[in-house]
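Written out below as structure tokens is the structure these notes cover.
Order of the sequence lines sets the chain letters (A, B, ...), proteins ahead of strands, with each chain counted from 1.
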Number of protein chains: 2
Amino acid sequence: MSSDPTLTPTSYIVLGLLAAAGASTPYALKQGVAGSIGHFWSVPHSQLYAEPERLAAGGYVTEDREPGGRRRRVYAITDRGREALAAWLAVGDARLPELRDAGLLKLFFGADPGVVAPQLAAGHRERLELFRGLHEGLRRGGDPAGHGALLTLEAGIAHAEVWVTFWERLAAGRS
Amino acid sequence: MSSDPTLTPTSYIVLGLLAAAGASTPYALKQGVAGSIGHFWSVPHSQLYAEPERLAAGGYVTEDREPGGRRRRVYAITDRGREALAAWLAVGDARLPELRDAGLLKLFFGADPGVVAPQLAAGHRERLELFRGLHEGLRRGGDPAGHGALLTLEAGIAHAEVWVTFWERLAAGRS
DNA sequence: CCTATCATGTAATCCGTTACATGATTAT
DNA sequence: ATAATCATGTAACGGATTACATGATAGG
């Protein structure tokens with residue numbers, strides 16, 4: 001019961017959203033990503049057209065068309081898709097993430113913190129406020145579908161705090 | 001003096017290493033990446049053969065062959081390459097990094113923390129110890145070429161600490 | 001009316017991942 | 001000797017980014 005190696009993280013994002021939200025158009029998936037997991041793992045909207053097609057070819061989702069007007073594509077997860085999602089969720093992952101931060105890269109190669117730090121400090125601070133707001137909103141409004149989103153935001157908040165501290169220290173010239 | 005959009009982060013990693021270490025073979029680049037920036041932005045070794053070729057085509061580096069035996073390729077940064085690197089270092093970056101953590105993705109979609117957290121807690125703890133050791137080593141041994149590496153490690157340590165705290169809390173069942 | 005912005009897709013290019021291969025050293 | 005690891009590359013495939021396009025809706 002290991003997870004299917006032909007499926008990528010993008011695949012599981014699509015499957016996960018379809019499992020949680022029911023049948024969706026690519027645009028609805030785009031909205032779903034933008035409002036939640038996209039803060040931590042974004043997916044360009046073109047992928048949300050291409051990926052469901054691949055998944056349909058593999059039998060993980062079904063593809064239908066709206067009857068009227070635009071005849072938009074509508075995707076729904078199949079039992080096979082649910083199984084693949086469950087199998088993926090059931091196994092641990094040894095792979096550690098990397099920071100992969102362009103600003104950090106520049107710093108490493110000797111960039112002046114004065115040109116890199118202020119912009120990033122501001123950006124991360126703004127994002128931190130956003131995450132705090134979202135977290136507060138979820139805590140109140142009874143979060144949908146388990147508290148995975150809540151935990152994810154907590155990780156995001158902690159990391160944003162680290163970034164704000166780090167870049168503000170450098171922006172202030174205290175290296 | 002904006003940075004060349006045809007160059008990728010991988011390009012700048014190669015340019016940065018060539019600028020710091022002088023003419024190098026792809027294998028030397030691999031060693032350079034592995035020992036330092038690779039902890040935060042890894043590059044598969046095949047890229048370290050392909051990327052210098054692209055850079056040579058653009059005039060950012062020169063390609064020579066060793067005279068004897070293996071006739072390995074040796075790359076050296078050109079003035080054009082130095083300029084591109086300097087231009088890249090001289091501009092800020094508004095783009096914020098994403099966490100892009102597979103474990104977090106699983107958590108978001110409802111995975112049991114018990115299957116995801118312990119492995120990641122252990123992995124991040126080990127990495128944290130590694131970073132602390134490297135940091136200590138650099139502080140002592142007079143770090144080579146500015147303190148960019150030192151700052152980078154400090155960011156890495158702070159984030160590793162956050163991850164350890166996060167996953168250990170979940171592993172312990174205190175959600 | 002006009003112009004933003006939202007909504008909805010397609011196409012091309014290419015970097016990056018993964019797998020494949022093989023010669024040199026070192027260890028046992 | 002032989003296994004293991006280091007060193008040094010090449011090839012293929014595909015997902016992701018980027019750019020291109022156009023119809024609907026709402027605001028002014």
(request) Calculate the interatomic distance between L48(B) atom CG and dT17(C) atom C1'; express it in whole Å. (result) 13 Å
Please tabulate, one pair per line, all N/O donor-acceptor pairs under 3.5 Å involving side-chain atoms of residues 30-44 of chain A, not counting sequence neighbours.
from: S36(A); atom 1: OG; to: G32(A); atom 2: O; distance (Å): 2.8
from: S42(A); atom 1: OG; to: E98(B); atom 2: OE1; distance (Å): 3.4
from: S42(A); atom 1: OG; to: E98(B); atom 2: OE2; distance (Å): 2.7

(request) Provide, to the nearest angstrom, the distance between the OH atom belonging to Y49(A) and the P atom belonging to dT10(C). (result) 8 Å
(request) Round to the nearest Å and state the distance from Y12(B) atom OH to dC15(C) atom C1'. (result) 15 Å
(message) Can you measure Y27(B) atom OH to dG9(D) atom C1' for me and round it to whole angstrom units?
(response) 12 Å
(message) Are the side chains of S24(A) and V74(A) in contact, using a 4.5 Å heavy-atom criterion?
(response) no
(request) Treat primed atoms plus P, OP1 and OP2 as sugar-phosphate and everything else as base, then score nucleotides 11-18 of chain D 5' to 3': B for base contact with protein heavy atoms under 4.0 Å, S for sugar-phosphate contact only, - for none. (result) B---SBBB
(request) Name all pairs fulfilling the salt bridge (charged side-chain N to carboxylate O under 4.0 Å, His left out) condition that reach into residues 46-55 of chain A, sequence neighbours left out, sorted by first residue then second. (result) E51(A)-R54(A)
(request) Output yes when a side-chain donor or acceptor of R125(B) lies under 3.5 Å from a complementary backbone atom of E168(B), and no otherwise. (result) no
(message) Does any part of the side chain of V164(B), heavy atoms only, come nearer than 4.5 Å to the side chain of E161(B), both counted from C-beta?
(response) no
(message) Is there a side-chain contact between R73(B) and the phosphate of dT10(D), meaning an N or O under 4.0 Å from OP1 or OP2?
(response) yes
(message) Please report the distance, rounded to the nearest Å, between CD in Q31(A) and P in dG9(C).
(response) 13 Å
(message) If you count heavy atoms of other groups shown closer than 6.0 angstrom to CD of E63(A), is the number above 12?
(response) yes
